[in-house]
Amino acid sequence: MIEQLMVKDYILFDHALVDFKNDMTVITGETGAGKSLLIDAITYLAGGRMTQSVVRQNKEKATLQMVIETDNQEVLTLLEENGYDVEDGLVIIQRSMSAQGKGSVRINQQVATLSFLKKVVSKLIDIHSQMDTIQLMDEDVQLEMLDQYADTKKELEETAQAYQVMHRHEKELEKAKNETYSDDELEYLTNALNEIQNAAIEEGELETLQDKIKELSKSQQNIEDLSETIYTLTKDNGILDGLYSSYKQLHKNGSFDEQADQLQNHYYQLQALSEQLSEKKEDILHEGDDLDQLQEREYKIKKLFRKYGGSYRTFKEKEVEFEEKIDRIIHRQDLFEKLEANYTQAKKQYDILAQTLSQKRQSVFEKLSHEIEAHCQDLMLSNARFRIDREEKKASKNGIDAIHFMVSMNPGQPFSTLKQSASGGELSRLMLALKTVFQTREGIDTIIFDEIDTGVSGKVALAMGNKMHTIAKEHQVLCITHLASVAVWADTHYLVKKVQEDEKTTTQIKAIDENERLIELATMANGEASESGIQSMKELRRSVQNG
């Protein structure tokens, strides 16, 4: 149940703190006072889309907080599995929105996503408005409600899984049927596959080649440097020739034998160095032959990659694709038989599960109809009859049933769809009858009714209030209403009103005592709180409290 709701700097509210009880609570107030803003706040805290328009004028940030107490084990497990600490079953949800449009979401002081927030709160709170009444006309919504009532979760999941398998096999079979291959196509595929396989390209080979090529390319500069050095040493009248001539000249003179010997030694050393440099050059030139081969291999790989997808991954995918296509052509009949067998088996399994799901749905038709008609009686729809029509539809993930909620609101009136049969007030009551039946969904703690009593009055409104009060015996009920005949049933009554101070308008909410309640009920019923009106509401309160 919702224990507490707090809003700060939120639209018309400076600050409001509301403590709720596990009973039927109504919120009333004049039109425009801001009653629905509180339900909107709960909607935002349930994961609804929120914009900076919620920030009160001239304020920096709007803050919303809701405290929920629950023993719903599914929710507690979900929170714990996702790393949220929960103590004593308390779930504290906070949302803020700045005037610049920057928002935050927290669950128990830990950051959360909106999608996760929705998942959690949807299992705890059910919010109903006039829009939900309209949505009742949607037959997809009707099917969801039926499945909820019939407890078909397991059958739905099994049917959906079987449908996915069947649909996959059906697509594979259709693809095979639509494929047409000629001898030229087979020849092309075979040649392409041979080209791929004969290339024998290994994963990462291109990158390794490019590294080696980069390294060997540097050797070209080394060759140029070596050639220039060797030439300088060995050319005619170069360094070696000059040294040898100088040695011969000093040796012939005979007076400079020591220096001549030194020149001779330098000559032989440089000659040896020249030979070493020449050998190094030959080695590099030999490696240059490998460079040509590497560049040729690089070119071939790049060409094949461009031809078959642009990367090693797509290159290998093409190899698998061509192998499969060749296999399809060569073994075409075998493939058809295999795919048809797969599809037939998958469809057989789906049909069994879809029929099981359909039978479970149909098994509750009569019981559900009786329950809804009984609640309609309580809501002064004494002539209302309800039934569920079913027709078989094309296979889908949610089965083979097309469901139509059919009603007859008056004697002799033929059955027709909700949209065709019920007026606004009748539809509101019918919706409440449906929700009274369907709201027993496991885990839902709080049910919120936001002005669903539009279009009704008098005894009908009194009956609707009674029905909400009945629901409140098992669930926390919050109700916004304009009708005294509904509000009179409340265990707790909150009044929302606008207050103007110093040219500033704010909205305030407070719990009202019994005397204040009688005044508010009289005002709601008659537009003013006369003595007779208050006395009338007092008697009505006594009547509903005594049953």
Side-chain angles (χ1 to χ4, degrees), residues 126 128-153 155-156 159 354-441 447 449 451-468 470-471:
D126 217 352
H128 305 293
S129 64
Q130 294 180 52
M131 182 57 66
D132 293 283
T133 302
I134 296 171
Q135 288 176 346
L136 268 179
M137 300 176 187
D138 187 331
E139 291 174 351
D140 289 335
V141 174
Q142 294 173 10
L143 183 60
E144 289 176 8
M145 296 174 74
L146 174 64
D147 281 325
Q148 174 189 317
Y149 181 85
D151 189 21
T152 62
K153 182 178 179 180
E155 289 79 9
L156 265 173
T159 300
Q355 283 293 339
T356 300
L357 172 61
S358 180
Q359 289 167 9
K360 189 167 185 180
R361 286 167 173 163
Q362 294 179 62
S363 69
V364 301
F365 281 8
E366 186 174 352
K367 179 173 180 284
L368 176 58
S369 296
H370 287 326
E371 286 190 33
I372 291 173
E373 287 176 357
H375 287 295
C376 284
Q377 293 282 331
D378 296 340
L379 292 167
M380 303 187 70
L381 292 170
S382 56
N383 295 313
R385 291 178 297 154
F386 180 91
R387 79 178 188 210
I388 301 171
D389 282 357
R390 172 203 173 269
E391 57 185 355
E392 191 160 317
K393 67 175 184 179
K394 183 180 178 181
S396 70
K397 65 180 182 180
N398 62 3
I400 54 174
D401 300 305
I403 296 298
H404 314 285
F405 283 3
M406 308 293 290
V407 293
S408 170
M409 305 305 293
N410 299 297
Q413 179 182 355
F415 279 93
S416 57
T417 63
L418 296 184
K419 187 175 182 179
Q420 296 170 327
S421 296
S423 65
E426 290 175 332
L427 195 58
S428 294
R429 281 180 281 168
L430 183 58
M431 189 281 288
L432 184 55
L434 290 169
K435 300 314 290 185
T436 304
V437 174
F438 291 121
Q439 53 79 31
T440 54
R441 178 162 46 115
I447 301 173
F449 296 105
E451 298 186 5
I452 67 159
D453 46 24
T454 300
V456 301
S457 60
K459 292 181 179 180
V460 172
L462 200 63
M464 291 185 73
N466 186 12
K467 186 60 63 177
M468 293 182 202
T470 299
I471 296 174

Discussion item. Quick one, Met468 with Ile452, criterion side-chain contact (heavy atoms from CB on, under 4.5 Å). Give me CA distance, side-chain angles, the key distance, then yes/no.
Written reply: CA-CA 11 Å; Met468 293 182 202; Ile452 67 159; 3.9 Å; yes
Walk me through whether Thr417 and Met137 qualify under side-chain contact (heavy atoms from CB on, under 4.5 Å).
CA-CA 8 Å; Thr417 63; Met137 300 176 187; over 6 Å; no
| task | For the pair Leu379 and Val460, evaluate side-chain contact (heavy atoms from CB on, under 4.5 Å) and give the outcome as yes or no after the intermediate values. | result | CA-CA 6 Å; Leu379 292 167; Val460 172; over 6 Å; no
Note to self: Run the side-chain contact (heavy atoms from CB on, under 4.5 Å) test on Thr436 and Thr470 for me, step by step, so that the C-alpha distance in whole Å, both residues' side-chain angles and the decisive distance to 0.1 Å come before the verdict.
What the structure shows: CA-CA 9 Å; Thr436 304; Thr470 299; 5.9 Å; no
* **Audit row: Arg390, Glu392, salt bridge (charged side-chain N to carboxylate O under 4.0 Å, His left out) steps and yes/no** => CA-CA 7 Å; Arg390 172 203 173 269; Glu392 191 160 317; 3.6 Å; yes
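Heavy atoms of other residues, nucleotides or ligands lying less than 6.0 angstrom from NZ of Lys397 number 12 at most.
Taken from CD1 in Ile400 to CG in Leu357, the straight-line distance is 8.0 Å, to the nearest 0.5 Å. Atoms CG and OG1, from Asp401 and Thr152 in turn, are 10.0 Å apart once rounded to the nearest 0.5 Å. With rounding to the nearest 0.5 angstrom, the CE atom of Met431 is 12.0 Å from the CG atom of Leu418. The CG atom of Leu156 sits 7.5 Å away from atom CG of Leu143, with the distance rounded to the nearest 0.5 Å. A distance of 8.5 Å separates CZ of Phe449 from CG of Asp126, quoted to the nearest 0.5 Å.
Screening residues 366-401 for ring pair (Phe, Tyr, Trp, His ring centres under 6.0 Å), with sequence neighbours left out, gives Phe386-Phe405. Within the structure, salt bridge (charged side-chain N to carboxylate O under 4.0 Å, His left out) pairs that include any residue of residues 143-153 comprise Asp147-Arg361 (at least two apart or interchain). For residues 365-387, the set of pairs meeting the salt bridge (charged side-chain N to carboxylate O under 4.0 Å, His left out) definition, not counting sequence neighbours, comprises Lys367-Glu371, Asp378-Lys467, Arg387-Asp389.
Nearest heavy atom pair, residue Leu430 against residue Leu381, reads N-CD1, 4.0 Å. Minimum heavy-atom separation, Phe438 to Leu146: CE2-N, 4.3 Å. Closest of all the heavy-atom pairs between Ser408 and Pro414 is CB-O, 4.1 Å.
Within the 3.5 Å criterion, the main-chain N or O of Asp140 finds a donor-acceptor partner in the side chain of Asp138. Looking at Ser358, its side chain never comes within 3.5 Å of a backbone N or O of Ala354 through a donor-acceptor pair.
Between His128 and Ile447 the shortest side-chain heavy-atom distance falls below 4.5 Å. Side-chain contact check for Ile372 versus Tyr149: every heavy-atom pair is 4.5 Å or farther apart.
There is a side-chain donor-acceptor pair under 3.5 Å between His404 and Glu139. A donor-acceptor pair shorter than 3.5 Å cannot be found between the side chains of Thr159 and Glu155.
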